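Both ligands and their constituent atoms are indexed starting at 1 by order of listing. Keep in mind that what you see is a predicted model, and the values were worked out from it rather than measured. Just so you know, these numbers use all the heavy atoms, side chains as well, and skip hydrogens, waters and symmetry mates.
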Amino acid sequence: MPIADIPGTDTDLRNALLDVNLPTLLMVMVHLTGDEQWMSDRYAPAPIMAPEGSLFPDDSGGYSPEISEEIRTAAFELLSRFRRERPELPSPPTLQKMTEMMTFSTAEPVPEDYIAMLLEEPGFVDRDEQWRKPLQESLNGGPVADFNVLIVGAGMSGICIAAKLREAGILFTILDKNAAVGGTWYENTYPDCGVDTPNHIYSYSFERNPNWSGYFSKRDELFAYFESCADKFGLRDSLRLQTEVTAMRYDESSALWHVDVKTSDDSGETLTANVVISAVGQLSRPNLPDIEGLDSFQGPLFHSARWQHEVDLNDKRVAVVGTGCSAVQLLPKTAEIAAKVSVFQRTPHWISPNRDYYRPVEKGLTWALNYIPYYAEWHRARMIFSFSDRAWPAVNVDPDWKYPARAVNEANDGMREALTAYISEQLGDRAALAPKCTPSFPVFGKRLVVDNNWYGTLARENVDLVTEGITRITPLGIETIDGKLHEVDVIVVATGFKSNLFLWPMEIVGRSGTSLAERWGDYPRAFQGTTVPDYPNLFCLYGPNTNIVHGGSIIYQVECQVHYVMQCLVHMIESRVRSMEVREEVNDEYNDQVQAISKTLAWGHPDVNSWYKNSQGHVVNNSPFSLHRFWEVNHDLEIDDYVVNE
Ligand code: NAP
């Protein structure tokens with residue numbers, strides 16, 4: 001076991017203990033000492049509850065000042081002794097012990113099957129062991145021979161699987177159309193672009209970052225994180241940037257994929273691989289709105305994900321089309337410098353208060369995450385618990401609920417009430433706008449947008465909320481259905497992405513010669529969001545029905561999938577399998593279940609029009625599962641789900 005290695009001074013330690021979460025600190029004390037007095041009634045924390053307007057639970061645990069002081073003093077003595085004596089650290093907790101500890105520290109029962117996942121997230125259980133062990137046994141110390149993988153995309157998902165392939169010693173190349181890694185965080189550079197998932201869980205479980213500057217970091221810091229991951233996992237040698245995959249064909253006789261790529265000098269090349277892993281994301285191809293006259297506008301017009309920094313918005317009249325996450329994030333900073341901003345809203349979104357949105361991470365917490373043994377692990381476990389499935393009950397349709405048009409169940413209706421009150425409160429003098437800002441669909445019909453002073457910005461004198469539909473764009477501006485021409489100098493379209501066209505525009509031809517685009521249209525059906533009949537040895541990360549709405553981090557989802565894919569690849573290597581292809585009936589059964597469940601969830605509600613649904617109203621982007629269930633579904637490969645050829 002590693003040795004306790006706590007640097008710094010007493011003052012550092014005392015300061016850190018002022019900033020940490022006390023129920024988490026108690027778990028560290030129990031873990032380091034085995035002393036269960038810290039789980040006695042005297043130290044039982046209050047249930048996890050975020051104060052009004054906050055996403056984060058109260059760090060105090062609800063203790064009196066006296067008890068808080070007692071915990072901090074005992075922790076100081078314990079950690080000072082560990083610093084002096086440098087003992088070996090104890091082993092990670094068992095399933096049973098962690099169940100007891102999490103149940104105590106969260107003040108609610110946490111079932112053992114949930115804990116099985118929570119043991120893996122902070123690394124108390126090494127989840128890679130599940131594929132590492134059979135791989136090592138089959139290789140008997142030798143390298144993986146005659147097997148290579150092409151990864152399409154060097155964003156969050158591509159880097160994640162590449163890190164695991166590197167660890168496994170499997171040969172791979174990552175291709176990316178962009179000039180740098182980072183995907184979304186490379187491409188999106190609009191004002192105030194950042195993450196709306198708490199950063200301490202928006203990071204790989206195997207590469208926690210104890211040094212996030214904020215609870216919700218901004219784009220540059222996220223981009224730097226993914227760049228640093230590419231370095232740390234030694235991916236640069238296997239990375240080909242500015243290399244776009246245009247097409248790929250599966251050749252059954254050789255069991256190889258032939259992959260056509262276009263390079264920056266527009267020359268072409270065909271690569272071959274045993275396996276292709278698509279890591280292109282759901283939100284990488286901007287959707288330009290289909291509005292008459294879009295090309296006729298005389299000024300600059302650009303998409304939020306293709307921000308034109310050379311266009312100076314100072315004192316300009318700016319139109320922002322759309323009111324999704326991107327528009328909400330970019331509006332306040334834009335309104336601060338523009339002469340006037342006209343916001344064109346087709347549908348209002350539910351927006352959640354979050355007073356921690358710009359909160360810097362306290363120095364003491366950063367110190368604790370870096371240096372207090374096991375603090376980062378218990379912090380991660382608590383964060384995953386707090387921000388993953390606690391909202392799940394609020395998204396499930398109650399068939400007996402009396403007001404199904406406005407909410408899916410009572411808890412969901414309670415959220416509607418609270419968020420509706422929040423709108424008027426935030427609009428202040430412009431409370432008359434509230435009806436226009438209040439969605440008709442249930443809360444969680446779409447992922448809650450995190451408030452960054454959206455309503456406060458709508459209330460500014462230089463901002464106009466336009467809710468009349470757009471009829472056309474003219475050289476001078478945007479014309480609405482009431483005949484009014486809104487004259488502007490610049491148009492920003494924050495109109496989302498071509499999210500239903502998975503893997504588009506790559507032309508992907510499978511075993512029988514059918515293209516994936518033809519098979520899918522806008523109704524993609526993949527097994528567990530990952531594999532598709534007739535397309536052997538092709539794996540999709542963040543594929544159909546894997547997106548999350550109610551909580552959690554998309555990195556968590558992708559790590560679940562990566563774990564599954566690694567088991568597939570290791571099976572291919574150890575059993576000398578040339579190809580594996582999911583059975584059609586398995587895929588059908590799975591997707592029928594996905595659609596049946598989706599109808600019982602808030603985002604399947606008939607009044608929700610969103611990028612999650614295809615033209616026929618099927619939910620094709622979102623996972624139908626709680627985060628825990630998604631972990632279970634992906635945890636163990638059932639090889640009988642596949643036709644396997646040796
Ligand atoms: P989005 O959620 O798809 O929003 C697009 C907006 O444009 C919607 O308000 C939509 O109206 C509107 N729109 C689309 N076509 C239009 C048209 N022809 N005329 C008028 N309005 C039109 O796109 P997004 O804001 O870029 O966000 C996409 C996803 O990216 C988010 O859901 C989120 O998952 C992710 N994201 C995350 C963050 C983050 O902080 N982590 C930040 C940005 C984005 P309707 O609602 O009526 O369709």
Side-chain angles (χ1 to χ4, degrees), residues 55 155-156 183-185 187-199 201-202 214-219 221-223 281-294 301-307 319-331 342-352 354 357-358 436-437 439-441 444-452 454 465-473 478-481 486 491-500 542 546-555 557 603 607-613 621-623:
L55 278 191
M156 175 273 286
T184 282
W185 300 112
E187 291 184 357
N188 283 271
T189 60
Y190 58 77
D192 215 31
C193 177
V195 70
D196 62 4
T197 301
N199 241 160
I201 55 170
Y202 192 84
Y215 281 86
F216 298 86
S217 298
K218 293 296 162 198
R219 178 265 173 202
E221 196 170 342
L222 292 152
F223 176 59
Q282 296 189 3
L283 303 165
S284 66
R285 299 287 177 173
N287 173 49
L288 285 179
D290 186 14
I291 300 174
E292 185 192 322
L294 195 74
L301 181 155
F302 51 88
H303 189 274
S304 53
R306 298 286 181 271
W307 197 265
V320 174
V321 180
T323 52
C325 269
S326 302
V328 170
Q329 287 195 345
L330 66 86
L331 179 71
S342 304
V343 178
F344 291 81
Q345 171 185 281
R346 196 163 63 176
T347 319
H349 281 234
W350 287 110
I351 298 191
S352 143
N354 178 11
Y357 196 53
Y358 293 106
K436 289 183 174 180
C437 294
S440 56
F441 59 85
F444 285 125
K446 302 180 191 183
R447 187 177 166 91
L448 288 176
V449 176
V450 173
D451 193 14
N452 60 339
W454 169 253
L465 178 65
V466 183
T467 54
E468 289 75 22
I470 297 173
T471 43
R472 67 183 63 82
I473 291 179
I478 299 183
E479 203 177 287
T480 44
I481 205 157
H486 303 261
I491 299 179
V492 176
V493 289
T495 43
F497 299 86
K498 294 199 182 297
S499 48
N500 294 163
Y542 195 19
T546 58
N547 186 50
I548 38 175
V549 177
H550 68 286
S553 156
I554 197 64
I555 295 185
Q557 296 285 95
W603 45 90
D607 290 350
V608 174
N609 290 314
S610 67
W611 62 263
Y612 315 142
K613 287 183 177 175
N621 292 79
N622 296 340
S623 162

Check whether [X] reaches the backbone of [Y] with its side chain - one donor and one acceptor, N or O, closer than 3.5 Å.
X      : Y      : result
Gln329 : Gly194 : yes
Ser499 : Trp611 : yes
Trp185 : Glu221 : no
Thr471 : Glu479 : yes
Thr495 : Asn287 : yes

- Does a sphere of radius 6.0 Å around CG in Asp607 hold more than 12 heavy atoms from other residues, nucleotides or ligands, not counting ones at 6.0 Å or beyond?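 Yes, the 6.0 Å shell around CG holds more than 12 heavy atoms from other groups.
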Considering only non-hydrogen protein atoms, determine which one is nearest to [atom] and report residue, atom name and distance to 0.1 Å.
atom                    : answer
atom 12 (C) of ligand 1 : Gly322 CA, 3.7 Å
atom 23 (O) of ligand 1 : Gly496 CA, 3.1 Å
atom 24 (P) of ligand 1 : Ser326 OG, 3.4 Å
atom 41 (N) of ligand 1 : Asp196 OD1, 3.1 Å
atom 44 (C) of ligand 1 : Cys325 CB, 3.4 Å
atom 20 (C) of ligand 1 : Val321 CG1, 3.8 Å
atom 35 (C) of ligand 1 : Leu283 CD1, 3.8 Å
atom 4 (O) of ligand 1  : Gly324 CA, 3.6 Å

- Item | Closest approach of Gly445 to Val608 (non-hydrogen atoms, all atoms of both residues) |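 It is O-CG1, 3.4 Å.
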- Query: Between Ala327 and ligand 1, is there a nitrogen or oxygen pair with a distance under 3.5 Å?
  - Reply: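 No; every N/O pair is 3.5 Å or more apart.
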- Task: Would you check whether Trp185 has a nitrogen or oxygen atom less than 3.5 angstrom from a nitrogen or oxygen atom of ligand 1?
- Result: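 No: no nitrogen or oxygen of Trp185 is under 3.5 Å from one in ligand 1.
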- Can you tell me if Arg447 and Thr197 form a side-chain donor-acceptor pair at under 3.5 Å?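 Result is yes, a qualifying pair exists.
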- Task: Among Val328, Val450, Asn452, find the one that has a side chain to side chain contact (heavy atoms under 4.5 Å, CB included) with Ile351.
- Result: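 Running side chain to side chain contact (heavy atoms under 4.5 Å, CB included) over Val328, Val450, Asn452 with Ile351 returns exactly one hit, Val328.
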Take every heavy atom of [X], measure it against each atom of ligand 1, and state whether any distance is under 4.0 Å.
X      : answer
Ser304 : no
Tyr612 : no
Phe344 : no
Asn609 : no
Phe497 : yes
Lys446 : yes

Numbered atoms of ligand 1 (with element) below 4.0 Å of [X], judged on heavy atoms:
X      : result
Thr323 : 6 (C), 8 (C), 9 (O)
Thr347 : 45 (P), 46 (O), 47 (O)
Val195 : 40 (O), 41 (N)
Ala494 : 5 (C), 6 (C), 7 (O)

- Verify whether the ring centers belonging to Tyr190 and His303 lie closer than 6.0 Å.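 Ring centroids of Tyr190 and His303 are no less than 6.0 Å from each other.
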- Kindly state whether the ring of Trp603 and the ring of Phe444 have centres lying under 6.0 angstrom apart.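 No.
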When rounded to the nearest 0.5 angstrom, what distance separates [atom1] in [X] from [atom2] in [Y]?
X      : Y      : atom1 : atom2 : result
Ile470 : Glu292 : CD1   : CD    : 12.0 Å
Ile554 : Ile548 : CD1   : CD1   : 4.5 Å
Trp307 : Cys193 : CH2   : SG    : 10.5 Å

- Within reach of ligand 1, part of Ala305 (heavy-atom separation under 4.0 Å):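 No part of Ala305 is near ligand 1 at this cut-off.
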- Location of contacts on Tyr202 toward ligand 1, heavy atoms closer than 4.0 Å: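 None of Tyr202 does.
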Among [options], whose heavy atom sits nearest [atom]?
atom                    : options                        : value
atom 39 (C) of ligand 1 : Pro348, Gly194, Pro289         : Gly194
atom 14 (C) of ligand 1 : His349, Arg219, Arg346, Arg447 : Arg346
atom 32 (O) of ligand 1 : Trp611, Tyr190, Phe216         : Trp611

- Message: Pair Asn354, Asp451 - check side chain to side chain donor-acceptor pair (under 3.5 Å), show working.
- Response: CA-CA 6 Å; Asn354 178 11; Asp451 193 14; over 6 Å; no
